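Single-structure report; data block below.
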Amino acid sequence: MIANNKKARYEYEILLEFDAGIVLVGNEVKSIREGSVTISDSYIYIKDGEVWIKNLKVAKYKQMHKLDIHDENREKKLLLNRKEITKIEKKLEDKGTTAIALGIFVSNNRIKIKIGVAKGKKMWNKKEDIKKKDIQMEIRRNLHINI
């Protein structure tokens with residue numbers, strides 16, 4: 001995993017997950033491999049049957065030539081097959097659902113993005129998740145001490 005959106009699993013309940021390719025230009029690949037990418041504010045939308053991601057910020061590559069133009073906040077096209085796109089479209093028609101980026105990783109030397117169709121959590125759901133996490137940590141500590 002190059003970048004992980006930790007906030008996504010806290011703020012949303014993930015209904016579906018997909019792995020998609022990203023159309024990148026210039027030195028964006030090198031910059032992403034360095035880890036100079038921010039996905040926490042990004043979101044995914046469908047336009048004319050194509051999937052796009054907005055607010056995926058890729059910083060300029062450090063060794064890039066000064067004359068090269070690089071828009072670090074441009075919209076990037078995601079590569080999915082038709083069946084996956086129609087599944088996402090159907091889920092997005094439901095009220096309260098959205099598509100978000102969960103993480104960026106490398107697979108077979110290609111940069112991929114894990115996207116999720118999600119539904120926002122209520123405040124009491126978030127508190128419940130924190131309680132469950134605390135209980136799990138306490139159990140692990142007790143097991144570790146007893147061993």
Side-chain angles (χ1 to χ4, degrees), residues 1-47 49-65 68-92 94 96-144 147:
M1 231 3 151
I2 295 171
N4 195 5
N5 190 354
K6 295 176 185 175
K7 192 169 84 172
R9 297 203 187 270
Y10 176 72
E11 296 284 335
Y12 299 98
E13 176 187 347
I14 310 300
L15 305 173
L16 292 173
E17 289 185 16
F18 298 97
D19 294 338
I22 312 174
V23 177
L24 300 169
V25 294
N27 291 316
E28 287 178 334
V29 174
K30 290 180 181 179
S31 185
I32 289 174
R33 285 184 188 268
E34 276 185 350
S36 302
V37 62
T38 305
I39 63 170
S40 60
D41 297 332
S42 63
Y43 64 93
I44 294 154
Y45 66 95
I46 298 175
K47 178 181 169 188
E50 295 178 336
V51 183
W52 295 83
I53 186 164
K54 192 170 184 143
N55 291 340
L56 178 71
K57 294 178 180 78
V58 179
K60 291 182 182 177
Y61 183 57
K62 292 175 186 169
Q63 297 173 350
M64 187 169 73
H65 193 270
D68 288 341
I69 298 170
H70 176 83
D71 181 16
E72 62 183 51
N73 202 18
R74 73 176 183 86
E75 296 177 12
K76 294 159 188 65
K77 185 177 177 181
L78 300 181
L79 306 172
L80 291 160
N81 63 38
R82 178 57 45 203
K83 287 180 185 178
E84 292 172 333
I85 294 172
T86 54
K87 275 185 186 179
I88 292 171
E89 280 179 321
K90 285 180 183 176
K91 281 290 185 182
L92 289 180
D94 296 342
T97 57
T98 186
I100 55 172
L102 300 174
I104 295 179
F105 62 98
V106 177
S107 175
N108 294 333
N109 214 20
R110 302 205 189 280
I111 294 179
K112 304 272 185 176
I113 186 165
K114 183 170 282 296
I115 63 173
V117 177
K119 196 169 213 165
K121 286 185 182 178
K122 303 288 183 210
M123 191 56 159
W124 57 272
N125 280 351
K126 294 177 191 177
K127 289 178 182 177
E128 225 173 78
D129 288 346
I130 292 170
K131 285 179 188 175
K132 286 179 186 176
K133 191 183 268 186
D134 287 344
I135 291 169
Q136 289 296 324
M137 280 179 40
E138 196 63 38
I139 290 171
R140 283 193 208 116
R141 281 187 199 139
N142 289 338
L143 287 175
H144 183 68
I147 293 175

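Predicted model, so just to flag it, every value in this text is computed and none were measured.
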(message) With salt bridge (charged side-chain N to carboxylate O under 4.0 Å, His left out) as the criterion, how do R141 and E138 come out once you've worked through the C-alpha distance, each side chain's angles and the decisive distance to 0.1 Å?
(response) CA-CA 5 Å; R141 281 187 199 139; E138 196 63 38; 3.4 Å; yes
(message) Between V25 and R74, does the side chain to side chain contact (heavy atoms under 4.5 Å, CB included) criterion hold? Intermediate values first, please.
(response) CA-CA 11 Å; V25 294; R74 73 176 183 86; 3.6 Å; yes
[X]: what forms a side-chain hydrogen bond (donor to acceptor under 3.5 Å, both in side chains) with it, not counting sequence neighbours?
X    : result
D134 : none
K77  : E50
K54  : E75
E89  : none

Minimum-distance pair of heavy atoms, taken over all atoms of [X] and [Y]:
X    : Y    : answer
L92  : T97  : CA-OG1, 3.4 Å
I2   : G35  : CG2-CA, 4.0 Å
L102 : R9   : CD1-NH2, 3.9 Å
K91  : V117 : CB-CG1, 3.6 Å
K76  : L24  : CD-CD2, 4.1 Å
A8   : A101 : CB-O, 4.4 Å

What I'd like to find out is whether the side chain of [X] reaches to under 4.5 Å of the side chain of [Y], using heavy atoms alone.
X    : Y    : result
R33  : I111 : yes
K57  : D41  : yes
I115 : I88  : yes
Y10  : I130 : yes
I100 : I14  : yes

(message) Show me the pairs that pass salt bridge (charged side-chain N to carboxylate O under 4.0 Å, His left out) and involve residues 107-117, at least two apart or across chains.
(response) E17-K114, D19-K114
(request) Please identify each residue that fulfils side-chain contact (heavy atoms from CB on, under 4.5 Å) with Q136, with sequence neighbours left out. (result) R140
(message) To the nearest 0.5 Å, what is the distance between CG on L56 and CD1 on I32?
(response) 6.0 Å
(message) If I take atom CD1 from residue I22 and atom CD from residue E28, how far apart are they, to the nearest 0.5 angstrom?
(response) 9.0 Å
(message) Please identify which of these residues, L80, V51, L78, T86, meets the side chain to side chain contact (heavy atoms under 4.5 Å, CB included) condition with I46.
(response) V51
(request) Using modelled atom types only, decide if a donor and an acceptor are shared between the side chain of S31 and the backbone of V58 within a distance under 3.5 Å. (result) no
